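Just so it is clear: chains get the letters A, B, ... in the order the sequence lines come, proteins before strands, and each one is counted from 1. Just so it is clear, the structure is predicted and the values come from calculations on it, not from any experiment.
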Number of protein chains: 2
Amino acid sequence: MSAPTISDVAKSAGVGKTSVSRFLNGETAALSPPLRARIENAIASLNYRPNQMARGLKRGRTRLVGVLLADLQNPFSVALIQGIEAACRECGLMPMICNAGNEVELENRFLDLLRTYRAEGLLVNPVGLPESALRNVVEGDIPVVLMDRKVEGIACDSVGLDNVSASKMLVTHLAASGFQSVAFVSEAWSSISSRRERESAVLAEARLNGMSVSSLVVDREDEQSIARIIDQMRESATRVRTALVAANGQTMLALALELARRRDVGLPGSDAPVAYRGADAPLGRLGLASFDDPDWAAMMTPGITTLRQPTFDIGARALYLLNDRLDTHAQAVREKASGRGNAASSPADTPRNMSFEAELIVRSSTHAAFALAG
Amino acid sequence: MSAPTISDVAKSAGVGKTSVSRFLNGETAALSPPLRARIENAIASLNYRPNQMARGLKRGRTRLVGVLLADLQNPFSVALIQGIEAACRECGLMPMICNAGNEVELENRFLDLLRTYRAEGLLVNPVGLPESALRNVVEGDIPVVLMDRKVEGIACDSVGLDNVSASKMLVTHLAASGFQSVAFVSEAWSSISSRRERESAVLAEARLNGMSVSSLVVDREDEQSIARIIDQMRESATRVRTALVAANGQTMLALALELARRRDVGLPGSDAPVAYRGADAPLGRLGLASFDDPDWAAMMTPGITTLRQPTFDIGARALYLLNDRLDTHAQAVREKASGRGNAASSPADTPRNMSFEAELIVRSSTHAAFALAG
DNA sequence: TTGTAAGCGTTATCAT
DNA sequence: ATGATAACGCTTACAA
């Protein structure tokens, strides 16, 4: 009827619960072969699965890790999950995936739920707003690893892209391709650390290369705002060779499609004719590059130059870091419980920040395929 | 140190655990206002959260629902999740989201994990392979609702698109737009029920309309295979007006980008010139439509005609169906446990299959913008 | 209105 | 080498 318990198995095998438990936990050394066999049979015939809830209750370890993502619609999040799930399998952990849909309220709700289910640790790609309850969680005693974004005043492990190095790579390429001006394009939410890091790094590096710079904000939902940006940049492009740098894949898509749609401006790699102000405008083309390398970047015509993030590795590494903490954390708790608690704070309590190198993928959208007329 | 328990709260408030428990479960009627206040304070000051594991163990209800998806990379899956999460919030359930990455082995592994964590029910978008252990789960006593795909020989609730009605709508539109031939394009895995349903419905309906039909298989990873399809269809298009119908959004993207890339064939809505066999080919354009309405369908130039699925509602409804079963199921278990088990199988044990209507979104990719020369 | 005690399925401790 | 028994944190009769 209801799910069989360890007692059912014990009864059916004619042994004590303890032995069954030992079998389940691989303490095979302390079990005689005949017993082992009987238990194995009983388990199989009853189709028994140990109750992880009860296990967790007793052991104090649920093997659950909360994975809280700002926005599952972003392919970046999905890519992270691949790495996390693979790493979880290795470590015998179970990810509990939650999508905050860019709402702090939901983020907080899930944070609560995850605590309630006694997740042993959290992997968070935070929405990045100050109202977040994340702060309290980190200050509590459950380990947290931040992914992609850091949060002001929260000190914990984090994994992300080396935005400075990536920006250098990209801007160097743009300069070498003859671009003289760089415009960084992102969505409104500039409280997000990675977006800010990318912006300042790109602009700084561009200035170092003697390029003129600007920073623009779009609203992906609002076609008008995108058209306006393009208008503005098309204007600039009549004077200097200009490249747009999108802060992420979704912004890039919006820009690329608008560029493809229009007739008065285009991308370098495109062979569609550009008609703008008649003869005096060989500069009706805007370069385009982007952080993130979504599927469609390669498929588009022309292909879009991107900085590919090792998303799988970022996710996996985040989990490894967490798993680390889990072990030392459990140990610390055990020690304190047994009375010989050390007043000095945990040994390696300092946050570890890992960053990964991006890979620059050059495609035609930044080709130096056009010459300056003037 | 470790998380506070209900006893800690009771002690801190100077009351019995029972009262705290009552407070937690909203049995506020049986609590004097002063007691209530003291408990509330204690909970707040200790930052206490009830342990859901222990709760579930005692009550036999974990409030966990497993959500097992064939492929999280498919935006359709993500869209489903939105609906599921919203509905879960309403019903006080916690979704455990798992991604099988199109691997039966992973699917089975997660099925096991979900049983182990005592998920009360499962929402499954199955990989659709016969080796799946899904069968055993459905035959066990935990309720399952299938999403989008049914599985041969598994009788349980399901929610999906009304593929026949959707196909009719689309084909009728194509016929009215002057297309004389329809080619259904999908990826290899034809063991997937929805893909098969769509194929047969589209082809049948097209025949009814006196159109010639064909069915093609592509491998999204393999550019060659896509190019080959297009070659083939371009050929056909010189004779009759031909429309491609993609089985899902990802197939559509591959086709649209290949069409945009090429010069010898194009889409109706596009104003790019098409050069094919000189003068005798006004038919160098292929119509294109697709099941699924991903973000990019509207943004592309030209826009792609699609059948939009009410994904949010599908996900939400799936959860409601499950929640239903959860209640009646729990009741049944309770009755059996109390000895007066009814030998006759559960009352409403017959599978319910809900289907939703698609919305046809006509865009330029199927415009009758070209005339037959011959 | 409030508290006491038993038990959910498991593991850890201690006997045997 | 094996098993009885007491927790883990919570809910729920039942008692007061």
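Out of C/dG3, C/dT13, D/dC8, the shortest distance to the side chain of A/Thr18 is found at C/dT13. With C/dT10, C/dG3, D/dT11 as the choices, the nucleotide that has an atom nearest any side-chain atom of B/Ser19 turns out to be C/dG3.
Side-chain atoms of A/Lys58 stay outside donor-acceptor range of the base of C/dA12, with no qualifying N/O pair under 3.5 Å.
Between A/Arg61 atom CZ and C/dT10 atom C1' the separation is 16 Å, expressed in whole Å. At whole-Å resolution of the value, CG in A/Leu57 and C1' in D/dC8 are 4 Å apart. The CG atom of B/Asn51 sits 14 Å away from the C1' atom of C/dT10 (whole-angstrom rounding). One atom, CE of B/Met53, and another, C1' of C/dG9, lie 14 Å apart when rounded to the nearest Å. If you measure from atom CG of A/Asp8 to atom P of C/dT10, you get 9 Å, rounded to the nearest angstrom. Atom CZ in B/Arg115 sits about 15 Å away from atom P in C/dG9, given to the nearest Å. Between the P atom of C/dA6 and the NZ atom of B/Lys17 lies a distance of 12 Å, rounded to the nearest Å. Look at CG on B/Leu24: it is 10 Å from C1' on D/dC10, rounded to the nearest Å.
With no hydrogens or angles considered, no side-chain donor-acceptor pair links A/Asn108 and A/Glu131 at under 3.5 Å. Side-chain contact check for B/Asn102 and B/Glu107: no donor-acceptor pair (N or O, by modelled atom type) lies under 3.5 Å. Between the side chains of A/Thr116 and B/Gln52, no donor-acceptor pair is found at a separation under 3.5 Å. Using a 3.5 Å distance cut-off with no hydrogens or angles, the side chains of B/Asn41 and B/Arg36 do not pair a donor with an acceptor.
With DNA chain C read from its 5' end, the first of the two nearest nucleotides for B/Gly16 and A/Arg59 is the one closest to B/Gly16. Between A/Val15 and B/Ile6, the residue anchored closer to the 5' end of DNA chain D is A/Val15, taking for each the nucleotide with the nearest heavy atom. Each of B/Ala54 and B/Arg22 has a nearest nucleotide on DNA chain C; the 5'-most of these lies closest to B/Arg22.
Within residues 25-49 of chain B, the residues that place at least one heavy atom under 4.0 Å from DNA chain D are, in residue-number order, B/Asn25, B/Tyr48.
The side chain to side chain contact (heavy atoms under 4.5 Å, CB included) test with B/Leu146 is passed by exactly one of B/Asp157, B/Leu123, B/Asn125, B/Leu134: B/Leu134.
A donor-acceptor pair is defined here as one N or O able to donate and one able to accept, closer than 3.5 Å; such a pair exists between the side chain of B/Ser45 and the backbone of B/Ala42.
Annotation: side chain of B/Tyr117 is in contact with side chain of A/Arg63 (closest heavy-atom distance under 4.5 Å).
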